[in-house]
Number of protein chains: 2
Amino acid sequence: MASESSKVASLRDIAEETGVSIRTVRRALEGTGSTSAEARERVTEVAERLGYRPNLVARALRTGRTMEVGAVLGEVSELHMTKLRAFEERLREAGYSLFVLFGRRDRSGADPTRQVLDRLVQRAPMGVAFFGGLDLDMTEAIRETEAAGLPYMLLDHRGESGDVIGIRREEGVYEAIHYLARSGRRTIAYFGTDDRTRLDGYERAMAELGREPIIVINPEADPADLEPLLALQPRPDALQVSSDVLALKVLAQLHERGIAVPREIAVIGFDDRELTALSWPALTTLAQPNRDVGRTAAEVLLSKMGGDEPPAGGWSQRLPMRLVVRESA
Amino acid sequence: MASESSKVASLRDIAEETGVSIRTVRRALEGTGSTSAEARERVTEVAERLGYRPNLVARALRTGRTMEVGAVLGEVSELHMTKLRAFEERLREAGYSLFVLFGRRDRSGADPTRQVLDRLVQRAPMGVAFFGGLDLDMTEAIRETEAAGLPYMLLDHRGESGDVIGIRREEGVYEAIHYLARSGRRTIAYFGTDDRTRLDGYERAMAELGREPIIVINPEADPADLEPLLALQPRPDALQVSSDVLALKVLAQLHERGIAVPREIAVIGFDDRELTALSWPALTTLAQPNRDVGRTAAEVLLSKMGGDEPPAGGWSQRLPMRLVVRESA
DNA sequence: CTGAAAGCGCTTACAG
DNA sequence: CTGAAAGCGCTTACAG
């Protein structure tokens with residue numbers, strides 16, 4: 001069955017069938033350069049009939065350009081899949097194909113960096129993208145990638161180095177806090193991980209508002225840790241939480257205690273996970289510009305692959321977040 | 001910079017450096033066949049020093065085997081990304097690379113089938129996978145894929161034809177209804193889309209229980225449509241909802257009306273979306289075996305690509321769902 | 001145990 | 001306007 005696959009037509013097949021040279025077939029098909037009308041007509045007719053498609057592998061070998069880009073994926077979430085889609089669609093427009101590799105620890109817990117990079121480099125892509133949430137040693141990954149002469153781009157990485165399309169987290173939280181203040185909230189607290197950029201945004205806004213910051217670091221969102229916050233006098237009437245996942249846990253805790261959201265306490269999340277629009281009440285949150293991150297990363301990578309000089313500020317960019325106001329704040 | 005990429009070493013480079021023929025280099029590197037110890041030693045040393053990696057493009061051209069598999073992706077969700085990861089990891093073990101293409105309508109609304117298939121076929125993969133939620137004309141897609149002699153596999157497709165790794169939805173819902181009955185629920189209703197397989201499972205279980213089915217078809221989950229259900233005498237004390245997204249909307253509606261979940265009404269969702277574990281109350285739901293679907297699809301595709309004969313029942317398989325009991329039922 | 005050579009299907013100077 | 005030929009880096013009979 002599969003082995004019966006009829007042989008695909010090559011330029012030579014068309015040349016033999018039409019009686020002209022392979023060189024002429026190419027020019028006729030390409031449309032560039034001059035060809036006699038008669039040759040062109042016969043060639044296109046035969047190519048059509050034989051269902052000719054150029055063999056990309058042969059072309060890649062000859063030109064040294066595989067027209068492939070490799071993406072290393074980490075975390076599984078619709079956020080990253082949205083970035084991936086925008087990234088792939090932009091690359092496809094430019095004639096590139098995207099192959100993917102998941103770079104995470106397997107059961108054994110062994111560092112996958114070597115294996116993933118070997119695979120990546122061996123496939124000889126023209127560029128590489130590293131998505132977020134990877135289990136890789138990124139310093140080594142970037143070094144290896146550059147050593148192999150491969151242009152690369154990071155999408156939304158936390159690390160401090162490398163060319164990255166990032167997100168303005170600090171600014172996002174800063175604006176959310178101001179929104180809460182404008183909505184009349186008096187006592188605004190921060191709850192969640194100790195991610196520096198989020199805290200910076202929170203602290204900057206609170207300083208501008210002339211208010212004392214109230215920060216509870218609690219990466220696990222252990223319900224018990226909400227207690228000290230709720231025991232404060234006056235009790236906070238607004239919470240900026242460091243992620244949507246955590247915010248949903250907080251909502252459940254507030255419901256358990258019979259505290260009304262947003263009447264008694266307003267809650268703002270972070271990420272805009274798809275399902276948070278359906279929580280009760282619907283979560284107000286900071287949306288990551290996933291499509292923009294994907295598309296911009298493709299754009300910049302295309303530029304690097306094209307040999308462009310980096311712009312004055314370097315290749316990195318940081319894109320703004322968007323406050324999505326729903327019901328919880 | 002990128003253009004400065006040092007040339008990669010080829011077999012010929014190693015041959016010249018060591019003074020043996022290219023043929024000998026290959027045998028020494030491969031380890032198969034016999035080679036003089038001396039030749040093997042020198043060759044491996046030089047290969048190591050030059051950082052030799054076989055050029056996969058050249059190999060593909062020569063052998064006619066690209067060692068690539070193409071995946072066409074549709075819906076963006078962590079469910080599909082989980083399938084994709086399992087699929088890719090299994091293929092990678094077997095030496096294949098996976099490239100991806102998103103097949104969905106663009107703004108213009110034009111049918112993407114042609115464009116996506118052209119890209120796919122042109123890349124000359126050795127196999128193809130179609131993921132769920134595609135905007136493609138699948139009948140044409142399968143026909144074209146087979147016409148090109150490409151083994152393919154569908155992952156969790158609703159269509160009635162084609163080789164597919166599917167999910168036993170009917171059985172999943174059937175078991176959920178029995179679980180509700182065992183938990184002492186008297187009046188169990190179905191709410192959601194008119195998907196036949198889910199309804200079949202619901203109706204089969206209800207028939208076995210000797211109870212009258214109560215079905216409200218409401219794909220949009222318009223809140224108002226919950227009214228007739230809640231007005232029934234006796235009022236349902238359990239709801240099987242057709243998806244987690246819909247179930248979350250239902251939860252919010254019940255909260256709005258002050259109806260306690262699960263005390264007054266139990267709710268079971270469908271899909272096990274990541275964030276439903278965090279709803280209030282945490283949603284009991286039917287989990288899709290995403291990793292298994294991905295891995296099994298890879299396994300079967302590998303088998304098809306290897307030219308195996310189809311098993312007696314055909315290539316298709318349907319995998320069981322798992323009831324994840326949390327708080328809502 | 002080893003070498004010389006053909007060929008996968010393109011693209012690209014080079015000649016006429 | 002067209003043709004003959006080289007070569008990308010492999011793999012694979014074929015000879016010795």
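These numbers come from the heavy atoms of this one structure, side chains and all, not from hydrogens, waters or symmetry mates. Residue numbering restarts at 1 for every chain, and letters A, B, ... go by the order of the sequence lines. Remember, predicted model here, so these are calculated numbers, not experimental data.
Contact check, A:Arg59 against C:dT11: a side-chain N or O comes under 4.0 Å of OP1 or OP2. Side-chain N/O atoms of B:Thr24 include one lying less than 4.0 angstrom from OP1 or OP2 on C:dG3. An OP1 or OP2 oxygen of C:dC8 is reached within less than 4.0 angstrom by no side-chain nitrogen or oxygen of A:Ser10.
Of all nucleotides present, none satisfies the Watson-Crick or G-U wobble test against D:dA4 with each distance under 3.5 Å. Base pairing annotation: D:dA13 forms no Watson-Crick or G-U wobble pair, as no partner gives both donor-acceptor distances under 3.5 Å.
Taking every side-chain heavy atom of A:Arg12 into account, C:dC8 is the closest of D:dC8, C:dC8, C:dC10. Side chain of B:Arg26, nearest nucleotide from D:dT12, C:dC10, D:dC8: D:dT12. Nearest to the side-chain atoms of A:Ile22 among the listed nucleotides D:dA5, C:dG3, D:dC10 stands D:dA5. When each of D:dC8, D:dA5, D:dC10 is scored by its nearest atom to the side-chain atoms of B:Arg62, the top-ranked nucleotide is D:dC10.
Each of B:Ala58 and B:Ser21 was matched to the nucleotide of DNA chain C holding its nearest heavy atom; the match closer to the 5' end belongs to B:Ser21. Judged by closest nucleotide on DNA chain D, B:Arg53 is the one of B:Arg23 and B:Arg53 placed further toward the 5' end.
Within the 4.5 Å cutoff, no side-chain heavy atoms of A:Glu78 are placed close to those of B:His80. Looking only at side-chain heavy atoms (C-beta outward), A:Met153 and A:Met305 stay at 4.5 Å or farther from each other.
For the pair A:Leu61 CG and C:dC10 P, the interatomic distance rounds to 12 Å; values are reported in whole Å. In this structure, CG of A:Leu11 is placed 15 Å from P of D:dA4, rounded to the nearest angstrom. Regarding B:Arg65, its CZ atom lies at a distance of 19 Å from the C1' atom of C:dG9, rounded to whole Å. Atom CD of B:Gln122 is separated from atom C1' of C:dC10 by 13 Å (rounded to the nearest Å). Atom CE in B:Met67 sits roughly 21 Å away from atom P in C:dC8 (whole-Å rounding). C:dG7 atom P lies 17 Å from atom CG of A:Asn55, rounded to whole Å. Atom pair A:Leu56:CG and C:dC10:P shows a separation of 10 Å (rounding to whole Å applied). Between B:Glu16 atom CD and C:dG3 atom P there is a gap of 13 Å when expressed in whole angstrom units.
Just one of A:Val164, A:Ile167, A:Asp156 meets the side-chain contact (heavy atoms from CB on, under 4.5 Å) condition when paired with A:Arg318; it is A:Val164.
At distances below 3.5 Å, at least one donor-acceptor pair connects side-chain atoms of A:Thr66 with backbone N or O atoms of A:Ala124.
How far CD of A:Glu68 is from CD of B:Glu68: 4.5 Å, rounded to the nearest 0.5 Å.
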